[in-house]
Amino acid sequence: MRNTQKMQTQDAMVILTNTIKNNLRHKDYDRVTKLADEYRMYITGNGIDKKLKRFNPREDEEMFKQRLALTIPITQAVCSSLMKPFNKVARTKPIIDKVFGASKNTNKQVEEVNDRIKNFYGSETADTGLDYFLKNRFYELSFWDPNAWIVIEFDPFDSNKEKAKPRPFEVPSSAAINYSVKNNSPEWLIIKLDLKKPSPKDSNKVVDIEKYTIYTDMDAIVATELMEDDPLISENPNGTFITIEKKKYLIDVANHKAGKVPAFRVGYKRDLETEGRTFVSPLHDATCHLHKIIKQGSEFDLSTCLHTFPQKVVRLSSGTGIRNTRRLPDGSLPETDKPIHTSAQDVIEVEMPETKEDYIALSDFIYYVPLPIELLKLQKQLLDDLEVKCNQAVFNSTVMVKKTSTSDGGGDAPAATATEKDQDMDSIYDTIHPFADKLCSAWSQFVEFICIFTDNIKKVKWVRRYASNFKLKTKEMLYSEMSTANDGNLPSFVKEAITDELAELVFVDEPKSLIRYRIQKQHYPFNGKSETEIQIAINSPLILKETKVLYNYFDQIFDELEQEFSKESTLDFYIDTTREKRKELIDAKVKEIIALLEAQQPKAITYPTGD
């Protein structure tokens with residue numbers, strides 16, 4: 001809904017100059033930028049040293065630096081596994097996805113909007129458009145910078161020849177320095193970009209400049225800091241210049257006339273610490289465990305380096321009966337020739353004793369200290385448990401984590417019941433459904449601004465909605481559900497729904513095969529019936545002969561129809577025929593088969609009666 005009261009350009013200028021002059025930031029700026037840095041650190045693994053602290057009683061500064069060098073972070077792997085179920089939303093086809101005309105004779109306008117949607121966002125691959133942006137950049141920003149803004153902009157164009165071509169402009173939370181939101185709708189947004197430009201006096205020298213932009217419901221006002229002898233001054237002799245705190249700025253006003261601020265924030269999960277004014281990442285509830293993973297992982301890496309190598313204790317001899325064959329680089333023996341291995345090439349030689357009484361077992365000379373395996377197992381188990389807790393925190397479920405042992409490290413984990421699995425999947429769906437709602441909302445807002453900037457807002461309508469089931473179940477889960485449905489004699493529509501989900505998994509990369517399955521299912525005579533139920537039906541006198549023949553010759557009938565259709569027409573049997581037409585062809589085939597069967601029946605022999 002558009003604002004009825006429009007912000008005047010001079011009012012926007014007052015807000016912009018006041019922000020620049022007083023270096024203003026919105027009240028939650030420190031909070032959102034801190035969260036963005038933290039999320040990015042967990043997701044990428046870069047900068048984890050900020051989360052590690054030196055343990056003073058046992059570590060000096062040098063030892064702490066060594067621990068940092070030995071630590072290999074695993075948070076990026078954990079975060080990646082947590083993010084993957086959300087990616088299923090973007091890859092799921094919406095149940096409603098439509099851009100249509102608001103009235104008759106609007107095909108041209110609908111085509112124009114669809115063209116802008118298709119070219120909204122580019123890529124180096126063949127995939128482009130709004131959906132590609134939502135599946136990639138919007139998805140990524142939702143996790144590592146939920147308080148980032150997406151501004152819908154367009155390049156200058158000749159309005160007499162063409163219309164605007166909107167595109168997204170990503171504004172990180174660190175750049176969105178000031179804004180005002182009223183009734184959950186932005187009134188204005190100010191962004192600050194720190195740029196580098198070559199100095200007009202010395203092209204080898206780079207100068208830092210600031211560029212501010214305020215977006216309102218009607219304008220986008222840009223204030224660009226000018227360098228001394230900046231060429232922009234001479235290039236804009238009639239331009240508007242202002243001075244703020246001894247800095248000179250060039251003012252450029254663009255009237256987009258959208259009627260609302262062409263920008264919105266990425267996040268959807270509200271931050272309770274700011275009373276819902278800002279947003280947090282979908283991974284936010286797991287950050288406490290991710291912090292512990294960094295600490296515990298650092299200890300585990302250090303323990304592995306310090307203790308998981310052969311530690312040898314050697315009994316030294318005061319005589320010359322034992323010597324090491326180790327040589328110095330120049331080939332000579334070291335001054336202190338202690339029997340210590342330095343590589344696999346070394347050999348410790350022991351002279352043969354002269355008498356049996358002087359014999360000493362070689363095992364008495366060298367002893368290998370047992371490795372502290374139990375300690376390492378405990379540390380590894382703690383890391384595994386933390387990963388499980390991350391999944392529990394984000395999804396309220398651990399169904400996405402492969403359970404191989406119990407939390408105490410012994411034995412196999414107890415198998416979950418069917419009810420527990422269903423509850424786990426419901427918890428995952430409950431977690432990712434708000435993300436699906438956000439994607440639909442973002443898509444709608446993008447399309448709305450595309451319609452506004454192409455003057456089609458009153459001529460084109462749009463709608464998109466996702467289903468509640470994102471089909472995250474595996475084949476094994478669905479096989480188990482089918483077995484339970486058969487054993488429990490559940491209704492046929494339940495079995496059909498499970499079969500349909502299995503088909504979508506099996507034919508995920510074969511869309512034509514999936515269409516073939518769905519079409520054949522429409523004509524299959526015993527959908528949802530078990531094999532036992534089908535055999536009972538086949539032997540029942542209440543079932544029509546045509547139904548029995550269709551069941552027994554089902555695959556043959558469809559194979560023949562496909563071949564005949566492909567020979568006689570360039571159209572596709574499954575795609576280019578209606579259900580009524582297919583039924584007509586199938587019924588004709590069934591009648592042919594019945595006629596052949598009856599023709600093959602032996603004729604009854606008639607015997608004379610003797611009359």
Side-chain angles (χ1 to χ4, degrees), residues 2-27 29 147-159 163-182 185-197 207-227 230-265 445-446 448-450 452-455 457:
R2 300 197 194 188
N3 299 328
T4 55
Q5 186 175 0
K6 301 178 177 60
M7 177 176 284
Q8 299 298 319
T9 303
Q10 57 267 30
D11 295 331
M13 278 297 302
V14 171
I15 297 173
L16 178 60
T17 54
N18 191 40
T19 297
I20 298 174
K21 180 179 180 180
N22 298 296
N23 197 28
L24 297 181
R25 298 292 184 271
H26 64 85
K27 63 188 301 183
Y29 182 79
N147 293 287
W149 290 73
I150 305 296
V151 179
I152 297 86
E153 291 189 333
F154 52 84
D155 295 323
F157 65 97
D158 186 351
S159 59
K163 292 186 179 181
K165 296 179 180 179
R167 55 177 172 77
F169 170 44
E170 300 171 19
V171 181
S173 56
S174 58
I177 60 173
N178 204 4
Y179 59 80
S180 174
V181 175
K182 184 178 181 180
S185 180
E187 293 184 303
W188 49 267
L189 166 67
I190 297 178
I191 69 170
K192 176 191 175 185
L193 300 178
D194 295 316
L195 307 177
K196 295 182 180 295
K197 293 181 66 177
V207 179
D208 296 325
I209 66 168
E210 300 171 347
K211 181 179 179 180
Y212 296 85
T213 305
I214 181 170
Y215 296 93
T216 69
D217 55 353
M218 300 300 290
D219 303 313
I221 305 174
V222 182
T224 306
E225 182 186 356
L226 299 174
M227 302 174 287
D230 198 308
L232 288 177
I233 299 175
S234 59
E235 292 172 3
N236 297 272
N238 299 320
T240 302
F241 301 92
I242 62 172
T243 301
I244 304 175
E245 296 295 310
K246 300 180 180 180
K247 292 183 179 180
K248 193 172 184 179
Y249 295 87
L250 170 65
I251 304 300
D252 184 22
V253 181
N255 306 115
H256 58 73
K257 299 179 182 180
K260 60 190 297 185
V261 179
F264 60 92
R265 284 175 288 180
Q445 291 185 78
F446 285 130
E448 179 183 6
F449 282 110
I450 288 174
I452 290 173
F453 292 142
T454 56
D455 299 323
I457 190 62

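No option in Thr213, Asp11, Ile221 other than Ile221 meets the side-chain contact (heavy atoms from CB on, under 4.5 Å) test with Leu16. With Lys197 as the partner, the side-chain contact (heavy atoms from CB on, under 4.5 Å) test is satisfied by one option alone out of Leu232, Val207, Thr224: Leu232.
Here the closest heavy-atom approach between residue Ala223 and residue Ile20 is recorded as CB-CD1, 4.2 Å. When all heavy atoms are compared, the tightest approach of Ala175 to Leu193 is CB-CD2, 4.3 Å. The minimum heavy-atom distance between Asp230 and Leu226, with the atom names listed, is OD2-CA, 3.6 Å. Nearest heavy-atom pair across Ala164 and Pro166 is O-CD, 3.4 Å. Contact record, Ile233 with Met227: CD1-O, 4.5 Å, taken as the closest heavy-atom pair. Pro186 approaches Ala263 most closely through the heavy-atom pair CG-O, 3.6 Å.
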(request) Give the intermediate values and the outcome of side-chain contact (heavy atoms from CB on, under 4.5 Å) for residues Glu448 and Ile452. (result) CA-CA 6 Å; Glu448 179 183 6; Ile452 290 173; 4.1 Å; yes
(request) Dump the intermediate steps for side-chain contact (heavy atoms from CB on, under 4.5 Å) on Met218 and Gln8, then the final yes or no. (result) CA-CA 8 Å; Met218 300 300 290; Gln8 299 298 319; over 6 Å; no
(message) Would Ile177 and Tyr29 count as a side-chain contact (heavy atoms from CB on, under 4.5 Å) here? Give the steps.
(response) CA-CA 7 Å; Ile177 60 173; Tyr29 182 79; 4.2 Å; yes
(message) Set out, in order, the CA-CA distance, both residues' side-chain angles and the distance that settles salt bridge (Lys or Arg N to Asp or Glu O under 4.0 Å) for Glu225 and Lys211, then state yes or no.
(response) CA-CA 6 Å; Glu225 182 186 356; Lys211 181 179 179 180; over 6 Å; no
(request) Starting from the C-alpha separation in whole Å, work towards a yes-or-no answer on side-chain contact (heavy atoms from CB on, under 4.5 Å) for Tyr215 and Glu153. (result) CA-CA 10 Å; Tyr215 296 93; Glu153 291 189 333; 2.5 Å; yes
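Rounded to the nearest 0.5 angstrom, Ile242 CD1 and Lys21 NZ are separated by 11.0 Å. A distance of 8.5 Å separates CD1 in Ile15 from CG in Asn178, rounded to the nearest 0.5 Å. Distance OG1/Thr19 to CD1/Ile191: 12.5 Å, rounded to 0.5 Å.
Phe446 is listed as a side-chain neighbour of Phe264, based on a closest heavy-atom distance under 4.5 Å. At least one side-chain heavy atom of Lys192 sits under 4.5 Å from a side-chain heavy atom of Arg25. Annotation: side chain of Phe241 is in contact with side chain of Lys248 (closest heavy-atom distance under 4.5 Å). A 4.5 Å side-chain heavy-atom check between Asn236 and Leu250 finds at least one atom pair inside the cut-off. His256 places a side-chain heavy atom less than 4.5 Å from the side chain of Pro262. Side-chain contact between Val181 and Glu187 is absent, with no heavy-atom pair separated by less than 4.5 Å. A heavy-atom distance below 4.5 Å is not found between the side chains of Thr17 and Tyr249. No side-chain heavy atom of Ile150 sits under 4.5 Å from any side-chain heavy atom of Val171.
The main-chain N or O of Arg265 is never found under 3.5 Å from a side-chain atom of Asn147 such that the two would form a donor-acceptor pair. Put simply, the side chain of Lys163 gets close to the backbone of Thr454: a donor and an acceptor are under 3.5 Å apart. The backbone N or O of Lys246 lies less than 3.5 Å from no partner atom in the side chain of Thr243, so there is not a single donor-acceptor pair.
With ring centers used as reference points, Tyr179 lies under 6.0 Å from Trp149. Ring centroids of Phe453 and Phe157 are separated by 6.0 Å or more, keeping the two rings apart.
A salt bridge is defined here as a Lys NZ or Arg NE, NH1 or NH2 lying under 4.0 Å from an Asp or Glu carboxylate O, and Lys196 with Asp208 meets this definition.
Checked against ring-ring contact (aromatic ring centres under 6.0 Å, His included), Tyr212 has no partners two or more places apart in sequence or in another chain.
The number of heavy-atom neighbours closer than 6.0 Å to NZ of Lys165, taken from other residues, nucleotides and ligands shown, is 12 or below.
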